[in-house]
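One structure below.
Start at 1 with the first residue, then count along the sequence. Side-chain atoms are counted along with the backbone in the values below, which use heavy atoms only and exclude waters and symmetry mates.
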Amino acid sequence: MKRALHTLTMSTTTARSASQPQWRQPAKTASVPLMIYNSLTRTKTEFNTLVPNHVTWYCCGPTVYDHSHMGHARNYVSTDISRRILQDYFGYNVTFVQNVTDIDDKIIVAARQEYLFEQKLANVHDSVTEPLLKQGREFLAYYINKNLSDFNQNIEKDLVAWTQSLDITALAVSSPKLPMHVKAATAAHKVLYDSAALNTPLPTFLESIRDVAMPALDKEYGSTVNDPSIFKKLPSYWEGKFNEDMARLNVLPPTYTTRVSEYIPEIMAFVEKIISNGFAYPTKDGSVYFDTAKFENDPKHDYAKLQPWNKGDMSLINDGEGSLSLGQESKKNPADFALWKASKPGEPAWDSKWGPGRPGWHIECSVMASDITGETMDIHSGGIDLCFPHHDNELAQSEAYFNNEQWVNYFMHNGHLHIQGQKMSKSLKNFITIEQALNDFTSRQMRLVFAMSAWDRPLDFKDSLIKEIKAYESTMSKFFTNVRAFYRDHRDLISNGELPPTKLGEEEKQLHKDLKKAQDDVHNAFCDNLSSHVALRVLSDLVSKTNNYIQSRSADASKLRIESLLAVTNWTVRILSILGFKTRPDGLGWSDDSSETSSGAGSVEELAMPYVKALSQFRDSVRTLAIDKASADRILSECDGVRGKLINLGVSLDDRPNGGALVKFLNNEEKEELIKQQEQKEEAARQKELKKQQQAAANAKKEEERKQKMKINPAEMFKDSAYSEWDEAGLPTKDAQGEEVSKSMRKKLAKQQQAQQKLYDEYLQQKDN
């Protein structure tokens, strides 16, 4: 009992005296800060949010009155890529607010003009008539007088020659809208002064004069358009089209969408507070203007933070105010901008304490953004062309409202888009719509264009860039196809009870090092201004190294380690997914664009039938050949045949040195390439067979000629008009003129006769038999 008690006491004492072994904390690794180019500093600045782990972000959305174009695609896809990196790579919770401007001078004019064109022309006429021609010519004269004032000649006789004499490219530098005006005028002139104008189909005629007719109709009847539904119908339609375009480009929808027409009361209250804070004033016409001088002279505030060098540029200021605001000069300073615009006849209006009116362009974004983000936000974004006056005016009026010094912490402006070196503009009507672009390029190719370029730099959408993008896409697609084929082989081995080796060799360890370096390089790229273009090139380099590894194992596929391939592929696809590329559910590549638009998978029978039929036909052919004991060549030919059928179905069978074909499921580009190669091979085989047939025909003809020649008796072979006398053997002695045949010629003729004698003897022998 004492011994047991002693033992228990010892155990208890030992347990109490034991201590946790020392843990050595690893050294802290240096972290790379996230840097973003900030238009407010014109430098890359470290990104710090107002609230940890959260980002408030307002993006200037579309003004919806026409097709969305490639400039919009550049802006919203580039923004989408940056947004995805912040939320899906860095893990921020992003509240992304984007507005829709559905009240604006351009919308008002476009809505009126579309309405008037329908009511005054399209819905009135059934065909082209003399009165309609006369009216159209008046429209053209008005358009030319307004937009091509340098032309003072006869419109009918001289307009075309005059426009052809212009150096439009040079003149467009100082007059950017000149090409648009020339195009509209010449298109109308062509149908209006055509000798067969009265026979022109009405839709063709109206479309040709549309651009010259609408301004004239608007000038005459615009003030009579007062139905609010007219001003709502157009932006509603184009907002829907914009959303469709964004969905096709795989742009994430906003967390919250704000629409100007739903914020009229809040806009009035916002304007009223700016007035009470002393930075705005009403005018006698019922408008309210922001006092830029008062704001700029306030010690707490700065005006034009983004582009201070432009704050006196009246062309930019007037363009920002809108075409319907020009001429309202009751403001104190030319640089002052409208917060509230008094509405004239033909414009939508809301009752306010200053009179019937509507919001100014700039105030809309301040009110809608602040309603959700509050008095300060982390990020505000938009196109670089919005810096001044739009964004500078947003900053001024918001800081005047909140009486703070910094409404936005980071301003991100996407660079301009040029098409083959030319800047696009909706107002210049020289744009390529997103819908048109998606007829020529896939959504993935368009995203690659923007992802492969720095978001804050200008981008030229030109042929060389498209070629580079397609080559990049092809390289990645082929890599994914190969990996999936190897992985399928790996699973087949396991299903057959085999366990492939997993131990890493030096090549796999090197590939692992390459993967780790790529992961570090992509992280550094994202930290350095969200540089997707650098990250994509890192992925390309990693894929190239992985392809080299695959090639090194091509002689013996059993040495290839599938886990190494999957590690590279899964991470590569993850980064592509973060950048907004649609990827496969299995993580082994990006989705094939053709499958993205598929209406849905069919039944198992429908999906499998083409493949089963090809194999069934192959079995029938091989079975028949085996019964007939056909040659190996014929069986191999059938094998080539089924391979060709499978290529047409998107499956490639690649022979390997150690036997067992590598099965690949092809994307569209790979399929088309192999079909082309197959067609070339088949054509070469056809040409070879044709030559063989031609040679056989030539040989047959030659043999027939020989058979006919065999029937000729040697004694009779020279009895023709070329000679006049012969000896008893039938050899010529004199020619047709009675001259003796020379000895050398007789010797030659004798040899020919001897050769013929052999043929004739052969003929007689065959005849006897």
Listed once per pair and sorted, the salt bridge (charged side-chain N to carboxylate O under 4.0 Å, His left out) pairs that draw on residues 509-530, sequence neighbours left out: Lys44-Asp528, Lys517-Asp521
Ring center gap for Trp57 and His380 short of 6.0 angstrom: no
Sidechain N-carboxylate O distance under 4.0 Å for Lys183, Asp211: no
Test side chain to side chain contact (heavy atoms under 4.5 Å, CB included) applied to Arg83 and Leu86, step by step: CA-CA 5 Å; Arg83 173 188 176 187; Leu86 284 180; 6.0 Å; no
Cationic tip of Arg484 above Phe480 ring, under 6.0 Å, 45° of axis: no
Mutual orientation of the aromatic rings belonging to His416 and His418 [parallel < 30°, tilted 30-60°, perpendicular > 60°]: perpendicular
Step-by-step side chain to side chain contact (heavy atoms under 4.5 Å, CB included) determination, Leu40 to Thr45: CA-CA 10 Å; Leu40 288 164; Thr45 53; over 6 Å; no
Gln687 side chain to Glu683 side chain, donor-acceptor N/O pair below 3.5 angstrom: yes
Mutual orientation of the aromatic rings belonging to Phe526 and Tyr89 [parallel < 30°, tilted 30-60°, perpendicular > 60°]: perpendicular
Geometric class of the His391/His413 ring pair [parallel <30°, tilted 30-60°, perpendicular >60°]: tilted
Of all pairs that satisfy ring-ring contact (aromatic ring centres under 6.0 Å, His included), the ones with a partner from residues 553-582, not counting sequence neighbours: Phe581-Trp590
Pair Asp586 + Arg584, salt bridge at N-O below 4.0 Å: yes
Heavy atoms from other residues, nucleotides or ligands near CD of Gln436 exceed 12 (cutoff 6.0 Å): yes
Evaluation steps, side chain to side chain donor-acceptor pair (under 3.5 Å), between Glu507 and Ser552: CA-CA 9 Å; Glu507 290 84 354; Ser552 72; 5.7 Å; no
Ring geometry between Tyr92 and Phe47 (parallel below 30°, tilted from 30 to 60°, perpendicular above 60°): perpendicular
Test log, rule side chain to side chain contact (heavy atoms under 4.5 Å, CB included), inputs Lys582 and Arg447: CA-CA 11 Å; Lys582 292 183 179 180; Arg447 182 168 284 262; over 6 Å; no
